[in-house]
Structures are given as structure tokens and as C-alpha cells.
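Below is one structure; the comments refer to it alone.
Everything numeric in this text was worked out from a predicted model, so none of it was measured. Reminder, nothing fancy here: chain letters follow the sequence lines and each chain counts from 1. All values below were derived from every heavy atom in this structure, side-chain atoms included, with hydrogens, water molecules and symmetry-related copies excluded.
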Protein chains: 2
Amino acid sequence: MSIKKEMPIAEKIKYIQDTLYVISGKWKLPILMSMYNGCKKFRDLERSVEGITTRMLSKELKELEANKLITRNVYDTYPITVEYTVTPYSYSLKPMVDEMIQWGIQHRKKVVGK
Amino acid sequence: MSIKKEMPIAEKIKYIQDTLYVISGKWKLPILMSMYNGCKKFRDLERSVEGITTRMLSKELKELEANKLITRNVYDTYPITVEYTVTPYSYSLKPMVDEMIQWGIQHRKKVVGK
DNA sequence: CTGTATCCATGATGATACTG
DNA sequence: CAGTATCATCATGGATACAG
């Protein structure tokens, strides 16, 4: 028989907020999705992520990198090119993101009633 | 053989943002967790959700109710008492929230290295 | 091309006082 | 008890110009 201690609520909340923080911001998930779709260069992301500014793209990319979801590689061409790539680790987000998509779909039906 | 059309990225992002919006804000999940833990009355929530103000509690409860995650019941005592209860529907969030907790746990290890 | 630096607008939250 | 009203503060993001 296994004795399983329930995690205290406060601790659960802490982890949830950690997680939310990592994917928070208007652009992090759109950027990631674009990258899964093949975009690698700064300029390509700037164009494919509808409406984003260079300031926000730069900022969000840094945070994604800090959280090990993407890596940044600089190539010494002229002008320099920079390639961002999603890490294998970033795929660990997939189950959660898929859940969010599914929940969003059914919730829209539930609340809007359509 | 099944032909399955991939959902366009833009649409996925829309649903993800819908979902994030529902649980957004500093207090919605802490409130919900407190309610799962048994809190029902405004004053109890105000005390159990560490740091929340009446203004925010009131506001977030309204939004949770609008999204059908809780219901509000007024009892005509004196002074009146109000009981909030989580809806069965709110439990549909559980898989996602559990995923967030698990992801948060392993992410802290991954990034902090501990 | 790949960003950084400023400044500004808006929204989200906090503090506090007050009401039925 | 269960909130509302008002004002203050802070974080987020947008616009724009500029740099290496």
C-alpha cells in the first residue's frame, strides 16, 4: 500500500505560476508555433508572427532561450545571420499545449453556445 | 484510411489564448484551488487566498462565474451569506492544471538545475 | 539583417474608504 | 458579511528611431 502525500495547495500554485510564466506574454506561443512550422531566422519570424514588433520579438526570444525552449546560433556571415531552433526539451510542452487547444475548443462551444 | 486536416496555426493560437485568458490573472487559479479545498464563502476565500484584496476577489469571482467554472448562490439570511461552489464543468480543467503542475516541477529542476 | 534604446499608452493590480 | 468606488502604481506592450 502506497502512502502518497498530497502536495500543499500553495506549492501547486507556485508550480502552476512557474509554468504560466514561461509561456506568458502575447507572443511566446505564437513564436514557438511559427518555429515548429519551420521559421528559424529573425526576419522570418518577424514576418510570420502577425503583428509582432522587433522589440517584442527580441524580448520574447530571449526569454524562450533562458527557459531552454529554443537555442540561438549566430553565423558569421555578412551581414550576420542568426538561426533560432526549438530544443528537444520544448516538445515537453506539447501535451499541455494540446490540452489547452482542446479545452479552448470545447470551452468556446460551452460559453458562446456554438 | 482517415484524412485528418491539421488545424491552422493561427486557429490553434486562438484557442490557446482563449484558454489562457480564462485562467489568466494573478488570482483565478489560487481561488479555484482554495475552492476545491473547501472554501465557499467570500470571507473564507479572502482569508485563504494569501494576499488578495476584496476588489480582486470580487472581480475574479465574477469572471470565473462568467466562464461557468463556479456558481454564486445568495442566501437571504441576515446578514446575507453568499456561497460560491465549483461547477462540475470546472473539473474539466484538471488534466490541464495537472499537466501544468508536473511541467512546472520538472522545469524548475531543468532551469534552476536543482 | 539583427537587434537596442526611448518614450508612451493601456490595462491589470493594489490601497483605502465606504455602503447595504 | 459581501461587496463597490476611487485613486495610485506598476507591468506589458506598441511606436519609432537608431546602431553594429
Side-chain angles (χ1 to χ4, degrees), chain A residues 13-14 16-35 38-67 69-86, chain B residues 13-14 16-35 38-67 69-86:
Chain A
I13 290 171
K14 184 188 69 178
I16 293 169
Q17 289 175 333
D18 278 5
T19 299
L20 285 175
Y21 188 75
V22 171
I23 59 171
S24 73
K26 194 169 170 181
W27 304 106
K28 288 208 191 67
L29 287 175
I31 290 169
L32 266 184
M33 307 281 270
S34 265
M35 290 182 70
C39 282
K40 299 194 158 191
K41 298 191 194 308
F42 195 92
R43 66 168 182 281
D44 294 336
L45 288 167
E46 207 169 359
R47 283 163 191 156
S48 71
V49 180
E50 186 83 10
I52 198 169
T53 61
T54 61
R55 190 181 90 96
M56 289 311 295
L57 180 55
S58 173
K59 190 166 166 265
E60 305 271 62
L61 285 171
K62 273 180 190 161
E63 293 179 33
L64 290 170
E65 193 192 5
N67 283 305
L69 298 174
I70 65 174
T71 56
R72 178 178 184 270
N73 300 95
V74 184
Y75 297 98
D76 194 12
T77 54
Y78 182 77
I80 62 163
T81 53
V82 178
E83 268 196 15
Y84 291 94
T85 52
V86 291
Chain B
I13 291 172
K14 184 188 69 179
I16 293 169
Q17 289 174 335
D18 278 5
T19 299
L20 285 175
Y21 188 76
V22 171
I23 59 171
S24 73
K26 195 169 169 180
W27 304 107
K28 288 206 190 70
L29 287 174
I31 290 169
L32 266 185
M33 307 282 270
S34 266
M35 292 183 70
C39 282
K40 297 193 160 191
K41 297 189 193 309
F42 195 91
R43 66 168 182 284
D44 295 336
L45 288 168
E46 207 168 359
R47 283 162 192 157
S48 70
V49 179
E50 185 83 11
I52 197 169
T53 61
T54 61
R55 191 181 90 94
M56 287 311 293
L57 179 54
S58 173
K59 192 168 167 262
E60 305 271 61
L61 284 171
K62 274 179 189 161
E63 293 179 32
L64 289 170
E65 194 192 5
N67 282 305
L69 298 175
I70 65 175
T71 56
R72 179 179 185 272
N73 300 95
V74 184
Y75 297 97
D76 195 10
T77 54
Y78 181 78
I80 62 163
T81 52
V82 178
E83 268 195 16
Y84 292 93
T85 52
V86 291

- [ ] Could you tell me which residues satisfy side-chain hydrogen bond (donor to acceptor under 3.5 Å, both in side chains) with A:Glu65, sequence neighbours excluded, listed by chain and number?
- [x] none
- [ ] For the residue pair A:Tyr84 and A:Leu64, establish whether any side-chain heavy-atom pair is separated by less than 4.5 Å.
- [x] no
Which pairs would a plain distance check flag for residues 18-31 of chain B, meaning a side-chain donor or acceptor within less than 3.5 Å of a matching protein atom at least two apart in sequence or in another chain?
{"unit_1": "B:Asp18", "atom_1": "OD1", "unit_2": "A:Arg108", "atom_2": "NH2", "d": "3.2"}
{"unit_1": "B:Asp18", "atom_1": "OD2", "unit_2": "A:Arg108", "atom_2": "NE", "d": "3.0"}
{"unit_1": "B:Asp18", "atom_1": "OD2", "unit_2": "A:Arg108", "atom_2": "NH2", "d": "2.6"}
{"unit_1": "B:Thr19", "atom_1": "OG1", "unit_2": "A:Met100", "atom_2": "O", "d": "2.8"}
{"unit_1": "B:Thr19", "atom_1": "OG1", "unit_2": "A:Gly104", "atom_2": "N", "d": "3.1"}
{"unit_1": "B:Thr19", "atom_1": "OG1", "unit_2": "B:Tyr15", "atom_2": "O", "d": "3.1"}
{"unit_1": "B:Ser24", "atom_1": "OG", "unit_2": "B:Tyr21", "atom_2": "O", "d": "2.8"}
{"unit_1": "B:Lys28", "atom_1": "NZ", "unit_2": "B:Ser24", "atom_2": "O", "d": "2.7"}
{"unit_1": "B:Lys28", "atom_1": "NZ", "unit_2": "B:Glu60", "atom_2": "OE1", "d": "3.1"}
{"unit_1": "B:Lys28", "atom_1": "NZ", "unit_2": "B:Glu63", "atom_2": "OE1", "d": "2.9"}

Task: Residues in side-chain hydrogen bond (donor to acceptor under 3.5 Å, both in side chains) contact with A:Lys62, at least two apart in sequence or another chain - done: none
- [ ] Under 4.0 Å from any heavy atom of chain B: name the first and the last nucleotide of DNA chain C that qualifies, 5' to 3'.
- [x] C:dT13 to C:dA15
Open item on the list: Heavy atoms within less than 4.0 Å of DNA chain D: which residues of residues 74-86 of chain A have one? Give them sorted by number.
Closed with: none
Task: Residue whose closest nucleotide on DNA chain D lies nearer the 5' end, A:Gly51 versus A:Thr54 - done: A:Gly51
Which donor-acceptor pairs under 3.5 Å do side chains of residues 74-82 of chain B form with protein atoms, sequence neighbours excluded?
{"unit_1": "B:Thr77", "atom_1": "OG1", "unit_2": "B:Pro79", "atom_2": "O", "d": "2.7"}
{"unit_1": "B:Thr77", "atom_1": "OG1", "unit_2": "B:Thr81", "atom_2": "N", "d": "3.3"}

- [ ] Answer yes or no: does atom NZ of B:Lys14 have more than 12 heavy-atom neighbours from other residues, nucleotides or ligands under 6.0 Å?
- [x] yes
Open item on the list: What's the separation between atom CD1 in A:Ile70 and atom CG in A:Leu61, rounded to the nearest 0.5 Å?
Closed with: 4.5 Å
- [ ] Check each residue of residues 26-35 of chain B for a non-hydrogen atom within less than 4.0 Å of any atom in DNA chain D, then write out the ones that pass by number, or none.
- [x] none
- [ ] Could you pull out all residues at least two apart from A:Lys41 that satisfy salt bridge (charged side-chain N to carboxylate O under 4.0 Å, His left out)?
- [x] A:Glu83
With a cut-off of 3.5 Å and sequence neighbours excluded, list every side-chain donor-acceptor pair involving residues 45-59 of chain A.
{"unit_1": "A:Ser48", "atom_1": "OG", "unit_2": "A:Ser34", "atom_2": "OG", "d": "3.1"}
{"unit_1": "A:Ser48", "atom_1": "OG", "unit_2": "A:Asp44", "atom_2": "O", "d": "3.2"}
{"unit_1": "A:Thr53", "atom_1": "OG1", "unit_2": "A:Met56", "atom_2": "N", "d": "3.3"}

TODO: Go through DNA chain D in 5' to 3' direction and return only the first and the last nucleotide with some atom under 4.0 Å of chain B's heavy atoms.
DONE: D:dC1 to D:dT6
TODO: Measure the angle between the two terminal helix axes of the helix from C:dC1-D:dG20 to C:dG20-D:dC1, five base pairs each, and quote it to 10°.
DONE: 40°
